[in-house]
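Take a look at the structure set out below.
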Amino acid sequence: MLNQEVAKLLNEQINKEFYSAYLYMDMANYYADQNLNGFENWFFIQMQEERDHALLFRQYLLNNGEPVVLSEISAPEAIYTNFREPLVEALKHEQFVTASINKIYEAAYIIKDFRTMQFLDWFVKEQGEEEKNADDNIKKFDLFAGDPKGLYMLDNELKARVYTAPSLVL
Ligand code: FEO
């Protein structure tokens with residue numbers, strides 16, 4: 001059994017991670033439509049990672065005898081008007097997720113729920129990496145994508161990203 005406030009926040013995080021997957025699939029779709037298949041690949045893999053995150057929260061709840069409560073996933077609403085916009089939105093979104101993870105951590109910390117804090121440690125580190133990756137994408141875009149040749153080369157670089165399963169196993 002977990003503290004019910006912590007369990008509620010963990011359940012809500014499942015929804016946020018699946019929404020993240022939806023958001024990144026929407027971005028992958030946008031880039032696919034623009035024939036930027038490297039950017040599409042990068043966001044498609046990001047989508048898979050977010051799905052994995054949702055499933056890790058699900059498994060943690062189950063491992064602790066807590067019911068998993070699923071709720072409606074909102075549709076992404078943004079309409080992108082240039083190639084840079086999704087990159088900026090992705091960074092903002094990761095900052096939002098970091099704040100959400102920190103909120104769960106804080107709730108666990110207050111009640112000395114060391115098990116949940118240890119589980120969340122992986123996500124705290126992961127969020128640091130995800131914010132950096134999102135920020136790197138913006139910086140690379142600004143440095144290199146100012147002309148068609150640079151955009152083509154950056155697209156090729158992003159095409160090389162490969163999916164790897166999360167290092168956290170529950
Ligand atoms: Fe699951 Fe990108 O945070």
Side-chain angles (χ1 to χ4, degrees), residues 2 5-32 36 38-64 66 68-78 80 83-109 113 115-141 154 157-170:
L2 296 173
E5 175 60 18
V6 170
K8 179 172 159 284
L9 291 173
L10 290 166
N11 263 304
E12 287 171 2
Q13 193 63 30
I14 294 179
N15 185 280
K16 287 174 187 165
E17 299 292 345
F18 274 130
Y19 175 76
S20 303
Y22 246 36
L23 183 67
Y24 292 140
M25 184 157 58
D26 193 49
M27 292 174 179
N29 296 344
Y30 164 73
Y31 286 120
L36 285 171
F39 286 76
E40 176 199 5
N41 174 62
W42 198 92
F43 279 103
F44 193 83
I45 289 169
Q46 197 61 27
M47 177 272 286
Q48 291 171 289
E49 289 198 357
E50 299 302 348
R51 173 209 57 205
D52 293 342
H53 296 169
L55 297 179
L56 286 166
F57 280 98
R58 169 189 175 271
Q59 193 61 52
Y60 182 74
L61 284 162
L62 292 175
N63 287 356
N64 285 279
E66 291 294 338
V68 175
V69 183
L70 298 179
S71 52
E72 188 177 356
I73 302 164
S74 304
E77 283 176 351
Y80 302 115
F83 302 148
R84 190 177 187 272
E85 274 177 9
L87 307 179
V88 174
E89 285 310 307
L91 176 58
K92 276 195 220 158
H93 184 68
E94 286 308 323
Q95 289 165 341
F96 163 78
V97 174
T98 298
S100 182
I101 298 281
N102 288 349
K103 194 175 159 200
I104 312 172
Y105 205 109
E106 188 180 10
Y109 177 82
D113 177 356
R115 190 188 310 163
T116 298
M117 285 160 63
Q118 195 201 35
F119 164 68
L120 290 174
D121 280 341
W122 185 87
F123 285 92
V124 171
K125 184 164 179 279
E126 175 77 2
Q127 281 312 119
E129 287 169 14
E130 297 216 322
E131 283 191 35
K132 182 181 185 309
N133 291 341
D135 192 47
D136 282 352
N137 281 347
I138 297 169
K139 285 180 178 148
K140 282 183 198 168
F141 187 90
L154 181 57
E157 181 188 319
L158 297 178
K159 210 174 275 178
R161 185 182 186 190
V162 290
Y163 169 74
T164 49
S167 57
L168 178 63
V169 179
L170 296 178

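Start at 1 and go down the list; that is how both ligands and their atoms are numbered. We're numbering straight along the sequence, starting at 1. Values in this document were obtained by computation on a predicted structure and should not be read as measured data.
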Quiz item: Where the side chain of D26 meets the backbone of Y22, is there a donor-acceptor pair that is under 3.5 Å apart?
Solution: no
Self-check item: Y31 (side chain) donor-acceptor with F83 (main chain) under 3.5 angstrom
Solution: yes
Quiz prompt | Residues D136, K132: salt bridge by 4.0 Å N-O rule | solution = yes
Self-check item: Nearest-0.5 Å distance, CD1 of residue I101 to CG of residue L9
Solution: 10.5 Å
Practice problem: Return yes when atom CD of E129 has more than 12 non-hydrogen atoms of other residues, nucleotides or ligands closer than 6.0 Å, and no otherwise. | Solution: yes
Self-check item: Qualifying residue for side chain to side chain contact (heavy atoms under 4.5 Å, CB included) with T98, from E130, Q127, K103
Solution: Q127
Practice problem: Could you name all protein N, O or S atoms found under 2.8 Å from atom 2 (Fe) of ligand 1? | Solution: E50 OE2, E94 OE1, E94 OE2, E130 OE1
